[in-house]
Amino acid sequence: MSRFLFVTDLDNTFVGDDDALRELSQLLSKHRQEHGTKIVYATGRSPVLYEELKQERNLMEPDALVLSVGTEIYLDKRDTPDTDWSKKLSEGWNREVVLSKTAEFSELKPQPDTEQGQFKVSFFVEQSVAAGILPQLESSLSESGLDVKLIYSSGIDLDIVPSSSDKGQAMQFLREKWNFVSERTVACGDSGNDIALFAVGEERGILVGNARPELIQWHNENPVNHRYLAKNVCAGGIIEGLKYFGFL
Ligand code: GLC
Ligand code: MG
């Protein structure tokens, strides 16, 4: 057994089945102690909502945190995001222009203030109108010279972020920083904003058994051997996948 880099989404992936979460946390904690495995949470949540979930579920302390869909990386339990990462994201990004362009679309309902970030503008968009307006919104943003990306998750959440940013690119930033090869890196997820974790390179991927249709569809359209769709849900599916790849 040797160390690996473990990257996981939280809602409905790591969190969702309390018994399995307890078992997985024990396995990971032991692996970290014995082999130096690193644990990273990669979530769409802001610092405020992450803290809420951490308290609620008594989550184990990670080695790094990727918050706000990859737009903020926190290392060594610091309260401020990594500045190397923020610098990289500021190219081609202009929050004011994103706000003025998105204001032209009445179907976009702003998410609460806590969920808006320096490099993340988020809305709720009903699934029934999303397919119709997202392509228009995308071209309107790129016509104004912005280098941004639209991430749609769970049939409701729309995040607009710099195109150099997502959970996958944040994972690679940490992988390179800590010297893990992609074969010793594994990412776990259940919804649209996790596609970036699976699409970025050759890292091992675990889709939990309760993965959302948008992720399953993408998985079926982009088949590879280094991605595994688990039968079990949430943390139970992660344990199943870690065994499948021989990490545990
Ligand atoms: C979390 C965040 C929200 C985001 C969603 C999808 O729910 O709170 O802002 O849109 O994840 O990334
Ligand atoms: Mg999730």
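Whatever order the structure lists them in is the order used to number ligands and atoms, beginning at 1.
Aromatic ring pairs are classed by plane angle as parallel below 30°, tilted from 30° to 60° and perpendicular above 60°; the pair Tyr228 and Tyr244 is parallel.
Angle O (Asp11) to the Mg ion (ligand 2) to OD1 (Asp190): 90°, rounded to 10°.
Under the 4.0 Å criterion applied to side-chain N and carboxylate O atoms, Asp194 and Lys167 are assigned as salt-bridge partners.
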**OP:** Please test Tyr50 against Glu52 for side chain to side chain donor-acceptor pair (under 3.5 Å), starting from the C-alpha separation and ending with a verdict.
**Re:** CA-CA 5 Å; Tyr50 164 68; Glu52 248 179 58; over 6 Å; no

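Residues Phe4 and His31 bring their aromatic ring centres within 6.0 Å.
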Give every pair made of an N or O atom of ligand 1 and a protein N or O atom lying under 3.5 Å apart, one pair per line with both atom names and the distance to 0.1 Å, or write 'none'.
unit_1: ligand 1; atom_1: 8 (O); unit_2: Glu115; atom_2: OE1; d: 2.6
unit_1: ligand 1; atom_1: 9 (O); unit_2: Gln111; atom_2: OE1; d: 2.5
unit_1: ligand 1; atom_1: 9 (O); unit_2: Lys120; atom_2: NZ; d: 2.8
unit_1: ligand 1; atom_1: 10 (O); unit_2: Gln111; atom_2: NE2; d: 3.0
unit_1: ligand 1; atom_1: 10 (O); unit_2: Asp159; atom_2: OD1; d: 2.6
unit_1: ligand 1; atom_1: 10 (O); unit_2: Asp159; atom_2: OD2; d: 3.4
unit_1: ligand 1; atom_1: 12 (O); unit_2: Asp159; atom_2: OD2; d: 2.6
unit_1: ligand 1; atom_1: 12 (O); unit_2: Asn193; atom_2: ND2; d: 2.6

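When distances from the Mg ion (ligand 2) to the N, O or S atoms of Asp9 are compared, OD2 comes out shortest.
Counting only distance, with no hydrogens or angles, the side chain of Glu115 and the backbone of Arg45 share no donor-acceptor pair below 3.5 Å. Judged purely by atom type and a 3.5 angstrom limit, Ser165 has no side-chain atom pairing as donor or acceptor with the backbone of Val161.
For the pair Asp159 and Thr71, the minimum side-chain heavy-atom distance is 4.5 Å or more.
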